[in-house]
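Indexing begins at 1, ligand by ligand and atom by atom, following the structure's order. If you're wondering where the values come from, they're calculated on a predicted model, not measured in any experiment.
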Amino acid sequence: MKLFGSYTSPYVRHCRIALMQSGLDWEMVELDIHTSKDPGTPTLRVPFLKDGALTLTDSTSIVKYVREKSGREFIADVRELDRYCLANTLLDAAINLFLLERSGVDIGANVYARRQQKRIELILGELDSAPLPERGKLNDADYRVAVAAAWGQFRHRFSIAPHNNLQRLLEIAGEDPVFVETAPPVG
Ligand SMILES: N[C@@H](CCC(=O)N[C@@H](CS)C(=O)NCC(=O)O)C(=O)O
């Protein structure tokens with residue numbers, strides 16, 4: 001199967017983590033979604049995955065597919081699923097602001113952009129209140145929060161300095177070889 005995406009995307013990173021842990025046969029096809037003329041996905045976003053006749057257009061369906069195809073479990077607990085969703089909302093808001101700013105919008109002067117900023121701060125506080133996983137036992141909610149927190153630091157979009165549990169989560173994830181191997185390239 002082929003995973004299409006970039007090495008800087010946190011959503012792609014989570015898919016790569018699941019694929020690396022799966023033992024399945026797969027390859028990464030690097031794609032710049034902003035310059036590609038015909039990217040092959042109606043979302044105009046990465047990641048997307050192709051496995052024979054199957055196309056999946058969102059990291060959530062991809063991670064679930066890969067986990068289940070390799071005999072593992074995706075998130076079964078509804079509270080953990082909600083934590084995973086919160087991390088997605090955090091990422092969506094932060095990536096939106098990042099792309100708007102890149103395209104010339106003054107995000108400090110825009111009312112909706114300020115709401116997105118507020119959303120980011122509130123979600124960081126909420127995610128920080130969750131219990132930490134044991135070393136080597138990260139589930140997909142932990143991975144999603146960890147890739148989101150790491151991306152925020154990588155792109156300087158938000159700080160986790162006031163959030164001790166999120167810092168600790170990144171330390172725990174930093175001991176996970178696949179999390180380390182999928183870190184965004186420096187420079
Ligand atoms: N819900 C999607 C979000 C994917 C997403 O936002 N990807 C970003 C890259 S990190 C993207 O391709 N953005 C391009 C754009 O919004 O134009 C998922 O989970 O896969």
Can you sort out which atoms of ligand 1 are near H34, meaning under 4.0 Å from one of its heavy atoms?
14 (C), 17 (O)

Which protein heavy atom lies closest to atom 19 (O) of ligand 1, and at what distance to 0.1 Å?
S59 OG, 2.6 Å

Is the NZ or CZ atom of R16 positioned over Y7's six-membered ring, under 6.0 angstrom from the centre and within 45° of the axis?
no

Counting from 1, what ligand 1 atoms have a heavy atom of I95 closer than 4.0 Å?
10 (S)

What closest approach, in Å, do R135 and R168 show between heavy atoms, and which atom pair accounts for it?
NH2-NH2, 3.6 Å

Ring centroid separation for F98 and W151, is it under 6.0 angstrom?
yes

Closest to atom 7 (N) of ligand 1 among L91, V63, V46 (heavy-atom distance)
V46

Is L99 close to ligand 1, meaning an N/O of one under 3.5 Å from an N/O of the other?
no

Of all the atoms in ligand 1, which lie at a distance below 4.0 Å from a heavy atom belonging to D58?
1 (N), 2 (C), 18 (C), 19 (O), 20 (O)

Any atoms of ligand 1 less than 4.0 Å from a non-hydrogen atom of S9? List them with their elements.
9 (C), 10 (S)

Tell me if the centroids of the rings in Y84 and F74 come within less than 6.0 Å of each other.
yes

Is it true that Y143 and Q21 share a donor-acceptor pair across their side chains at a distance under 3.5 Å?
yes

Locate the shortest heavy-atom distance separating K137 from D142; write the atom from each residue and the value.
O-OD2, 4.1 Å

the protein heavy atom lying closest to atom 13 (N) of ligand 1 turns out to be R45 CG, 3.9 Å

Please step through side-chain hydrogen bond (donor to acceptor under 3.5 Å, both in side chains) for the pair R13 and T8, ending with a clear verdict.
CA-CA 8 Å; R13 183 178 186 182; T8 51; over 6 Å; no

Provide the number and element of each atom of ligand 1 under 4.0 Å from a heavy atom of I33.
12 (O), 14 (C)

